Visitor: 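Sending over a structure as structure tokens; questions will come in a sec.
Computed from a predicted model, the values in this text were never measured in an experiment. Reminder, nothing fancy here: chain letters follow the sequence lines and each chain counts from 1.
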2 protein chains.
Amino acid sequence: METKILKKRSATLKEVAERAGVSLMTVSRVLNNRDLVKQDTITKVEAAVEALNYRPNILARSLAGGNSLVIGIVYHNPSSGYLSEILVGAMTACRELGHQLVLEDLSDGGGDIDPEVVTHRLQKMGLDGLLLTPPLSANSVLVQKLHDSNIPTILVGRQKTQYDFSTVSFNDQSAAFAMTQYLIELGHKDIGFIVGSIEQPFSGRRKDGFLQAMHHHNIYVNDAFIKQGDYTFKSGMEQGGELLDLENPPTAIFASNDDMAAGVIAAAHSRNLDIPNSVSIVGFDDTELSSAIWPALTTVRQPISNIAKNSIKLLHDNILTDIPKAASSTIIDTVEIIRRESAAAIK
Amino acid sequence: METKILKKRSATLKEVAERAGVSLMTVSRVLNNRDLVKQDTITKVEAAVEALNYRPNILARSLAGGNSLVIGIVYHNPSSGYLSEILVGAMTACRELGHQLVLEDLSDGGGDIDPEVVTHRLQKMGLDGLLLTPPLSANSVLVQKLHDSNIPTILVGRQKTQYDFSTVSFNDQSAAFAMTQYLIELGHKDIGFIVGSIEQPFSGRRKDGFLQAMHHHNIYVNDAFIKQGDYTFKSGMEQGGELLDLENPPTAIFASNDDMAAGVIAAAHSRNLDIPNSVSIVGFDDTELSSAIWPALTTVRQPISNIAKNSIKLLHDNILTDIPKAASSTIIDTVEIIRRESAAAIK
DNA sequence: GTGAAAGCGCTAACAA
DNA sequence: TTGTTAGCGCTTTCAC
């Protein structure tokens with residue numbers, strides 16, 4: 001069976017204009033700023049657009065418009081959940097705004113990245129702007145080099161701006177607050193907390209949210225209930241185990257990410273504890289792991305796609321808009337607690 | 001601190017031409033088919049390109065070339081690992097070939113998709129071609145509708161072509177063969193196998209690969225060692241438990257995906273079995289779960305990015321190339337066994 | 001309100 | 001081997 005598929009040229013502005021009996025420009029106006037056009041004409045044009053199933057050619061539009069950006073997304077060993085959401089969000093925003101995306105994968109087998117080399121490479125690529133994702137956005141040497149090289153950059157996942165770089169981040173603190181409050185509402189008072197790696201700025205934010213919620217509800221925070229992990233399953237298993245082995249163990253444990261929460265669950269399993277009836281366990285991030293394990297994990301999800309979308313729009317505004325602006329810090333705080341089976345009301 | 005960043009216009013072909021003292025076309029030729037240009041000229045042009053740090057404007061190139069495609073990636077509840085790799089691969093290939101990507105997320109809360117509606121929507125979008133990912137690519141009603149609607153499509157993850165649609169898939173069979181062989185080389189003969197959902201074409205392929213390897217090594221396959229799962233952690237835990245509770249249990253268990261393998265590991269843990277010394281457990285897919293759990297899972301990884309790249313290139317060729325061609329079936333068989341801690345030589 | 005002209009940065013087709 | 005012309009599909013600018 002031989003087939004030869006041919007790209008069927010789709011309708012152009014000109015064709016729509018001819019069919020509607022107006023000029024090319026009028027159609028363009030209807031599509032962009034319709035307020036300048038008479039209602040009658042709009043109707044005619046829209047009929048023609050509909051009839052021809054016209055779709056604007058983004059390439060031509062961006063080229064003629066002269067303000068299409070080439071934006072790089074720079075990442076380093078992200079989790080696939082994070083990466084896919086970033087990509088989906090960034091692509092969606094770029095499509096809307098007529099920009100192009102270029103991926104720059106700095107992932108490696110464990111070695112550190114060289115800010116000098118990376119910056120040089122990025123510079124040679126002729127990008128108009130960058131999205132720097134965590135953990136890179138926390139690398140101040142890299143950020144400084146990038147600044148020196150004059151590439152407009154958005155620091156994703158950070159809250160403090162640096163130089164004239166804006167940031168877009170998640171409100172980890174209020175998310176942790178909400179999750180803690182949820183546990184408190186379930187009747188828990190003895191709540192253990194496992195902190196994540198201290199290098200990550202958001203680790204502290206999550207801990208703060210937990211503490212604030214406890215204080216807000218006038219619940220005493222037992223120091224022995226706060227453990228230091230490093231975001232790995234193993235550290236969750238170890239630290240969770242220590243909490244569970246306490247003479248008066250907590251009735252609920254809040255781990256700073258899902259991997260550690262899964263570790264705590266494993267620790268509870270190995271002690272033959274019933275989850276959630278003997279101990280409630282909750283995580284953070286809503287990774288796939290959380291619904292893969294048993295019992296499925298109650299956790300809190302970040303709107304990563306949204307963060308990416310916002311970052312792209314911010315870059316767009318910063319570069320293309322005339323109004324002068326200061327470096328801004330956008331904090332997205334759509335908190336969504338995903339209730340699954342690992343947490344329950346205290347008995 | 002007020003800043004107003006401005007997009008700095010990058011060099012154009014014309015500027016390079018002027019600097020090199022040649023015509024615009026010569027520069028274009030150096031960039032595209034350099035064989036038509038004198039070596040001397042090439043050198044001059046390259047110097048100018050270098051000096052101006054010239055980067056071609058993809059938009060203009062695609063627009064002028066007249067063969068830029070708008071390609072849709074259609075997906076339905078993919079795992080994030082799968083999605084991110086598909087996106088990375090597709091974006092990379094599209095950038096090279098000058099095509100644009102549009103995402104079409106059909107994910108939902110559980111209901112079935114309506115092929116009629118989906119096809120209609122896709123048709124209205126004016127796409128030049130589609131990548132249909134699993135499980136959608138196995139939906140024959142959808143595939144048929146898509147065919148009727150005349151949108152060139154690549155079926156990702158299928159091996160049998162349908163209508164004139166080409167397919168690109170992973171060689172699950174040889175991967176399962178390789179993994180089984182690996183277990184055999186470790187000294188295992190009593191190997192349990194957990195099959196995945198029968199609706200998925202690749203479930204059968206993985207099982208076949210397992211059986212073939214066993215036969216190839218003249219090892220008797222005990223029917224009681226083959227269990228039916230459904231790709232969930234829970235089914236792995238249950239079926240794995242049954243295998244482990246057998247009077248003479250297998251010394252190794254091969255689950256058709258990582259989630260089930262993790263379930264088997266949980267089952268083994270709850271029976272106080274030492275992994276890998278009492279029982280080896282391996283998975284399939286190399287999802288993040290596999291390195292998150294303990295012990296880390298030995299598994300096999302699919303080159304999903306590559307599959308996406310190949311799919312885009314195939315679509316490109318099918319639509320843009322003059323030579324007539326039949327629907328083809330590309331099978332990528334780069335098998336990579338990831339050796340971690342969950343499998344060991346028999347004692 | 002609407003239209004005509006010019007041009008975004010590049011390549012295709014032809015000419016020299 | 002190199003240059004000239006036209007034009008991809010759209011927006012911008014300026015004219016009416």
Visitor: What is the distance, to the nearest angstrom, from the CE atom on A:Met25 to the C1' atom on D:dG9?
Guide: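 A:Met25 atom CE is separated from D:dG9 atom C1' by 13 Å.
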Visitor: Do the side-chain N or O atoms of B:Thr26 get closer than 4.0 angstrom to the phosphate oxygens (OP1, OP2) of D:dG3?
Guide: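 For D:dG3, OP1/OP2 do have a side-chain N/O of B:Thr26 under 4.0 Å.
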Visitor: I'd like to know if A:Glu104 pairs up with A:Arg121 as an ion pair, taking the criterion as any Lys NZ or Arg NE/NH1/NH2 lying under 4.0 Å from an Asp or Glu carboxylate oxygen.
Guide: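 Yes, A:Glu104 and A:Arg121 are salt-bridged.
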Visitor: Provide, to the nearest angstrom, the distance between the CZ atom belonging to A:Arg55 and the P atom belonging to D:dG9.
Guide: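 One finds 17 Å between P of D:dG9 and CZ of A:Arg55, rounded.
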Visitor: Select one nucleotide: of D:dT2, C:dG9, D:dG9, the one nearest the side-chain heavy atoms of B:Ala64.
Guide: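 Of the options given, the side chain of B:Ala64 lies nearest C:dG9.
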Visitor: If you compare every side-chain N and O of B:Thr41 against the phosphate oxygens of D:dT2 (OP1, OP2), does one of them come in below 4.0 Å?
Guide: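 Indeed, a polar side-chain atom of B:Thr41 lies that close.
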Visitor: With a 4.0 Å cutoff (strictly under), does any side-chain N or O of A:Arg61 reach OP1 or OP2 of D:dG9?
Guide: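 No.
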Visitor: Closest-nucleotide mapping onto DNA chain C: is B:Pro56 or A:Ile42 further toward the 5' terminus? I mean the 5' end.
Guide: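 Per heavy-atom nearest nucleotide, the more 5' residue is A:Ile42.
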Visitor: Nearest-Å distance, CD (A:Gln100) to C1' (C:dG9)?
Guide: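 These atoms are roughly 12 Å apart.
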Visitor: Between A:Glu50 and B:Lys124, is there a side-chain N and carboxylate O pair less than 4.0 Å apart?
Guide: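 Yes, A:Glu50 and B:Lys124 are salt-bridged.
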Visitor: Students often get this wrong, so: under 4.0 angstrom with heavy atoms, is B:Leu59 touching a base, only sugar-phosphate, or nothing?
Guide: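 Nothing, no nucleic acid heavy atom in range.
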Visitor: Can you measure A:Glu15 atom CD to D:dG9 atom P for me and round it to whole angstrom units?
Guide: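 Value for this atom pair: 8 Å.
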Visitor: Let me know the distance between CD of A:Gln39 and C1' of C:dT2, rounded to the nearest Å.
Guide: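 Result: 16 Å.
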Visitor: Determine whether more than 12 heavy atoms belonging to other residues, nucleotides or ligands lie under 6.0 Å from atom CD of A:Glu116.
Guide: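 No, not enclosed.
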Visitor: Check whether any side-chain N or O of A:Asn32 sits under 4.0 Å from OP1 or OP2 of D:dT11, and answer yes or no.
Guide: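 Affirmative; the distance criterion is met.
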Visitor: Nearest-Å distance, CG (B:Asn67) to P (D:dG7)?
Guide: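 Answer to the nearest Å: 18 Å.
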Visitor: I'd like to know whether B:Thr167 forms a side-chain hydrogen bond (donor to acceptor under 3.5 Å, both in side chains) with B:Ser329, so could you lay out the CA-CA distance, the side-chain angles of the two residues, the decisive distance to 0.1 Å, and finally the verdict.
Guide: CA-CA 5 Å; B:Thr167 63; B:Ser329 171; 3.3 Å; yes
Visitor: With a cut-off of 6.0 Å (strictly less than), are more than 12 heavy atoms of other residues, nucleotides or ligands near CG of B:Asp112?
Guide: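 Result for CG/B:Asp112: open.
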Visitor: Mind calculating the distance between NZ (B:Lys14) and C1' (C:dG9) to the nearest angstrom?
Guide: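 Going from NZ in B:Lys14 over to C1' in C:dG9 covers 10 Å.
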Visitor: Reckon A:Thr12 has a side-chain N or O less than 4.0 Å from the OP1 or OP2 of D:dG9?
Guide: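 Negative; the distance criterion is not met.
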Visitor: Given that B:Val22 and A:Ala11 both sit by DNA chain D, which one's nearest nucleotide is further toward the 5' end?
Guide: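 Final value for this comparison: B:Val22.
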Visitor: Does A:Ser23 put a side-chain nitrogen or oxygen below 4.0 Å from OP1 or OP2 of C:dT2?
Guide: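 Answer is no, no contact under 4.0 Å.
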Visitor: If every non-hydrogen atom of B:Ile307 is compared with every non-hydrogen atom of B:Ser311, which pair is closest and at what distance?
Guide: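 That closest heavy-atom pairing would be O-OG, 2.7 Å.
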Visitor: Assess whether one donor atom and one acceptor atom, taken from the side chain of A:Arg29 and the base of C:dG3, lie less than 3.5 Å apart.
Guide: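 It does, because a donor-acceptor pair links the side chain of A:Arg29 to the base of C:dG3 below 3.5 Å.
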Visitor: Which of these nucleotides, D:dC8, D:dT2, C:dG1, is closest to any side-chain atom of B:Lys38?
Guide: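 When the side chain of B:Lys38 is considered, D:dT2 is the closest of D:dC8, D:dT2, C:dG1.
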Visitor: For A:Ser28 and D:dC10, is the shortest distance between a side-chain N/O and OP1 or OP2 below 4.0 Å?
Guide: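 So the side-chain polar atoms of A:Ser28 never come under 4.0 Å of the phosphate oxygens OP1 or OP2 of D:dC10.
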Visitor: Starting from P on D:dG3, measure out to CG on B:Leu24 and report it in whole angstrom.
Guide: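 Distance check: B:Leu24 CG to D:dG3 P gives 10 Å.
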